[in-house]
J.: 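One structure coming up, written as structure tokens, with questions to follow.
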Amino acid sequence: MRLGALEAGGTKMVCAIGNENGEIFERATFPTLTPEETVPPMVEFFKQHQVDALGIACFGPIDPDVNSKTYGYILRTPKIPWRDYDFVGAFKEALNVPIGFDTDVNGSLLGEVYFGAAKGLSDAVYYTIGTGVGAGIMVNGALLHGMQHAEAGHILMRQEAGDDFQGCCPSHGHCFEGMAAGPAIEARWGKKGVELADRQEVWELESRYIAQGLVATICLLSPKVIILGGGVMMQEQLFPLIRKEVTRLLNNYLDTKELRDMDHYIVPAACGGDQGILGCLKLAEFSL
Ligand code: ADP
Ligand code: ZN
């Protein structure tokens, strides 16, 4: 099978050709400009390679409900040229092949479930902590959609002692994303995260907010593993701090074999950055 994969991000679109075993043969990247500028070269790429199916994992909010009138659309995104855009429709019309469509984070989670840190598991969560915060969620072997898709980046947070930053989510102020995404770090400390690498207090505080979000996630969804990706998680010193704080916050309330082995419970992505593309290949396969 020749499968097409498209990881659609706010700054770039990563396209690839591969198969259901996660082998990737070809790649191309296009900057995210407007649909009129960005979609035709991607269509051309997939046409050239004669794909049998296409999997798209896209920044949100999106409509992933196949029974909805706006299935396959990008919805009320702040990226204005893409708002209310029929993304799946554009590829369907041009390529006429089956298309799988989901959120970027559900795509990354799917990649990790088949090829990475959540291999073989049917209950797992993938968080990206980057420009925003979002989570892909699998429960009982199915990616969670519910009424649209999860918005785990907007879990409300309580202010940590000694932090007077009000948060930068335009809708909620101090939600997970408003307190802990890359832009929140920059707004709070006046520098980008990458320039704050040696400031212990930055990552101590960051880990406390991330831990709040993860404890809510653990209590609600009971995942068997939590994978953390995205630019902010390039700060590897966060992992031990987050594990310790999650353990402290749970305060022995839960006692499971997974939680007793924190080093293997809260983990980095294991697909070397390809989790999104690998997930798209699976979305393509499942659309056939
Ligand atoms: P996006 O979320 O836009 O897809 P990223 O996951 O790379 O992209 O996230 C970008 C955010 O992560 C920015 O706010 C940036 O400052 C932050 N970031 C990127 N690299 C690092 C790093 N090495 N350390 C800390 N923060 C980083
Ligand atoms: Zn919010």
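As the structure is a computational prediction, the values presented were derived from the model and not from experiment. Numbering of ligands and ligand atoms starts at 1, following listing order.
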J.: Taking R243 for its side chain and Y265 for its backbone only, find out whether a donor-acceptor pair lies under 3.5 Å.
T.: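 Flag not set: sc R243 to bb Y265 has no pair under 3.5 Å.
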
J.: My question is simple, although I want it checked carefully: is atom 15 (C) of ligand 1 less than 4.0 angstrom from any protein heavy atom?
T.: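 Protein heavy atoms within 4.0 Å of atom 15 (C) of ligand 1 - there are none.
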
J.: Taking only heavy atoms of G230, which atoms of ligand 1 are found under 4.0 Å from at least one of them?
T.: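 Near G230, the atoms of ligand 1 are 6 (O).
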
J.: Establish whether atom 4 (O) of ligand 1 and some protein heavy atom are separated by less than 4.0 angstrom.
T.: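 False for atom 4 (O) of ligand 1.
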
J.: Indicate, as side chain, backbone, both or neither, the part of P183 found under 4.0 angstrom from ligand 1 when only non-hydrogen atoms are considered.
T.: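 Both backbone and side chain of P183 come within 4.0 Å of ligand 1.
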
J.: Identify, by atom number and element, the atoms of ligand 1 in contact range of G182, meaning under 4.0 Å from any of its heavy atoms.
T.: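 Close to G182: 14 (O).
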
J.: Suppose I only count heavy atoms of M234 and a 4.0 Å limit; which atoms of ligand 1 are within that range?
T.: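 Under 4.0 Å from M234, ligand 1 has these atoms: 22 (C), 23 (N).
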
J.: Salt bridge between R208 and D163, side-chain N to carboxylate O under 4.0 Å?
T.: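 The answer is no: the pair does not qualify as a salt bridge.
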
J.: Salt bridge or not between K47 and E44? Use side-chain N to carboxylate O under 4.0 Å.
T.: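 Salt bridge: no.
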
J.: From atom 24 (N) of ligand 1, work out which of Q235, E186, E195, E236 has a heavy atom at the shortest distance.
T.: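 It is Q235 that holds the nearest heavy atom.
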
J.: Quick one: side-chain contact (heavy atoms from CB on, under 4.5 Å) partners of K79, sequence neighbours excluded?
T.: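 Checked K79 against side-chain contact (heavy atoms from CB on, under 4.5 Å); matches are F59, T77, W82.
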
J.: Mind checking side chain to side chain donor-acceptor pair (under 3.5 Å) for E37 and listing every partner two or more places apart, or none if nothing turns up?
T.: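 In terms of side chain to side chain donor-acceptor pair (under 3.5 Å), with neighbours along the sequence ignored, E37 is linked to T34.
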
J.: Atom 2 (O) of ligand 1: which of L238, I129, T131, V194 has the nearest heavy atom?
T.: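 Comparing heavy atoms across L238, I129, T131, V194, the nearest one to atom 2 (O) of ligand 1 lies in T131.
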
